[in-house]
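Heads up: the structure comes next, in structure tokens.
Naming convention: chains lettered A, B, ... in sequence-line order (proteins, then strands); numbering from 1 in each chain.
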Number of protein chains: 2
Amino acid sequence: MKLEKGTRSYRDACGTAHALDLIGERWALLVMRELMLGPKRFSDLKADLPGISANVLTQRLDGLEATGLVRRRKLPPPGAVQVYELTDWGYEAEPIVQALGRWATRSPGHDPSLPLSATSLMLSFRTMQDPERVRGLESRIGFQIGAETFVAAIAGGRVRTERGDPTGADTIFTGAPEAIAAAVYGGVPFETLAAQGALMVEGDHALARRFATLFPLPDKAGT
Amino acid sequence: MKLEKGTRSYRDACGTAHALDLIGERWALLVMRELMLGPKRFSDLKADLPGISANVLTQRLDGLEATGLVRRRKLPPPGAVQVYELTDWGYEAEPIVQALGRWATRSPGHDPSLPLSATSLMLSFRTMQDPERVRGLESRIGFQIGAETFVAAIAGGRVRTERGDPTGADTIFTGAPEAIAAAVYGGVPFETLAAQGALMVEGDHALARRFATLFPLPDKAGT
DNA sequence: CGGCATCCGGGAAGATACTG
DNA sequence: CAGTATCTTCCCGGATGCCG
């Protein structure tokens, strides 16, 4: 842990510019994205951000902690590991992540088949849900992604996603984030993915199929 | 104009990550911010972004043009100068600028007394307006900032800002963006600023005073 | 003068290796 | 597992110069 040097600032009163002073460095906002669904440890952050190097991750976590966006916490024993979590103010950055995500899906250069973290996938359900299509639906969808589990609770015309135990959900998806994304955003049939061993769907298959229609991608920007 | 090299990408299917591929480089989003109220020429962009160097501005404009966010256009003669303007998709990034701006004003490190561009000030009125305080108000506020003019049209419970001729507005502010910001966000009395020659208010002074109360700053984030 | 291209120095990011 | 140390690469910022 060392002292920050003369942090290159925009020196601009505009809030947008100050936001970039805070989270404009490379990887900073993606680190925050990965913490949006709850605390994580260093090695999980590193694994979920392919391409980041350990020293850059250390620098970002130090910087975000110094600005009051991230806090490091020691979990109580047993398993007294150190985790990083967003502060309340850090969690308030979610609208930024959402606005960026929604806007960028209109990019002709956006490639949904690239690698994807489990957190990104769950956040994308928050971002991309279409209220028209969600209306009237009430159910719980479970996700088993590697060792992590999540639940999407559909009620009151909204899809809410969070970490949680999927047992008892109406349907459960098991597979890598990329496979679930292929089904939801790529329109790849479950059977195709199941045949590859990439995806397993348990419980109400009709519900699973309907779930995959709730998140339409916007049109690509033309010129 | 040269070919882009291997642009360092996050290679992540997440929309947020792709957005950062598009506008995550230093200055990129601030260039777009400066174009949000209409086309500008190179030298105006450079002047309104203190600290940017000409070559970086060139690189950003080239990059934004290549990704389809900015277009360069030749104004018809006379005065056939070249200007840069956002594409439709580029203008759709305004919610991002807004979300960043709103969020960052909660930062304890935010200093509203720093330099500010006229565009930033006008956009901040869009971002920070409080519907409760605006309700019932109907008027037109003019701004003369250097050689640029703007109008804030208040109607239907909303403040709309754009470039425009302020003649005939109910009240007109004349001064630097920093002076107007000091009045609106810093609570500095008009008289103080007028005594310094920093601000002039013409027309309905009561309206001007009320206008300055429409944009409350949120509480600072505490841990 | 506006709109760049070129060259240079410093510093941040990326990759790899190493340590408690 | 959670970082640190080192080295290399590349981007950013500043200065200068070209060219319509």
Atom-to-atom span, [atom1] of [X] to [atom2] of [N] - whole angstrom:
| X | N | atom1 | atom2 | result |
| --- | --- | --- | --- | --- |
| Leu49(A) | dG14(C) | CG | C1' | 14 Å |
| Arg41(B) | dG20(D) | CZ | C1' | 15 Å |
| Phe42(B) | dG20(D) | CZ | P | 18 Å |
| Leu30(B) | dG13(D) | CG | C1' | 15 Å |
| Gln59(A) | dA2(D) | CD | C1' | 15 Å |
| Leu45(B) | dG3(C) | CG | C1' | 12 Å |
| Leu20(A) | dA12(C) | CG | P | 17 Å |
| Asp62(A) | dA12(C) | CG | P | 14 Å |

Counting only side-chain N and O atoms of [X], is one of them less than 4.0 Å from OP1 or OP2 of [N]?
| X | N | value |
| --- | --- | --- |
| Trp27(B) | dG13(D) | yes |
| Arg26(B) | dA12(C) | no |
| Arg72(B) | dC4(C) | yes |
| Tyr84(A) | dG3(D) | yes |
| Arg8(A) | dG11(C) | no |

Quiz item: Thr58(B) has a side chain; which of dG14(C), dC1(D), dC4(C) sits nearest to it?
Solution: dC4(C)
Exercise. Please determine, for the side chain of Asn55(B), which listed nucleotide (dG3(D), dA13(C), dG14(D)) has the closest atom?
Key: dG14(D)
Quiz item: Centres of the Phe173(A) and Phe190(A) rings: under 6.0 Å?
Solution: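 Phe173(A) vs Phe190(A): aromatic centres under 6.0 Å.
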Self-check item: Close aromatic pair by centroid cut-off 6.0 Å: Phe143(B) and Phe125(B)
Solution: yes
Quiz item: If you find the nucleotide of DNA chain C closest to Ser53(A) and the one closest to Asp44(B), which residue's nucleotide is nearer the 5' end?
Solution: Asp44(B)
Quiz prompt | Residue closer to the 5' end of DNA chain C, Ser43(B) versus Gly51(A) (nearest nucleotide) | solution = Ser43(B)
Quiz prompt | Residue mapping more 5' on DNA chain D - nearest nucleotide basis, Gln82(A) or Ile52(B) | solution = Gln82(A)
[X] with [Y]: basic N within carboxylate O range, under 4.0 Å:
| X | Y | result |
| --- | --- | --- |
| Glu94(A) | Arg126(A) | yes |
| Arg106(B) | Glu92(A) | yes |
| Lys40(A) | Glu34(A) | yes |

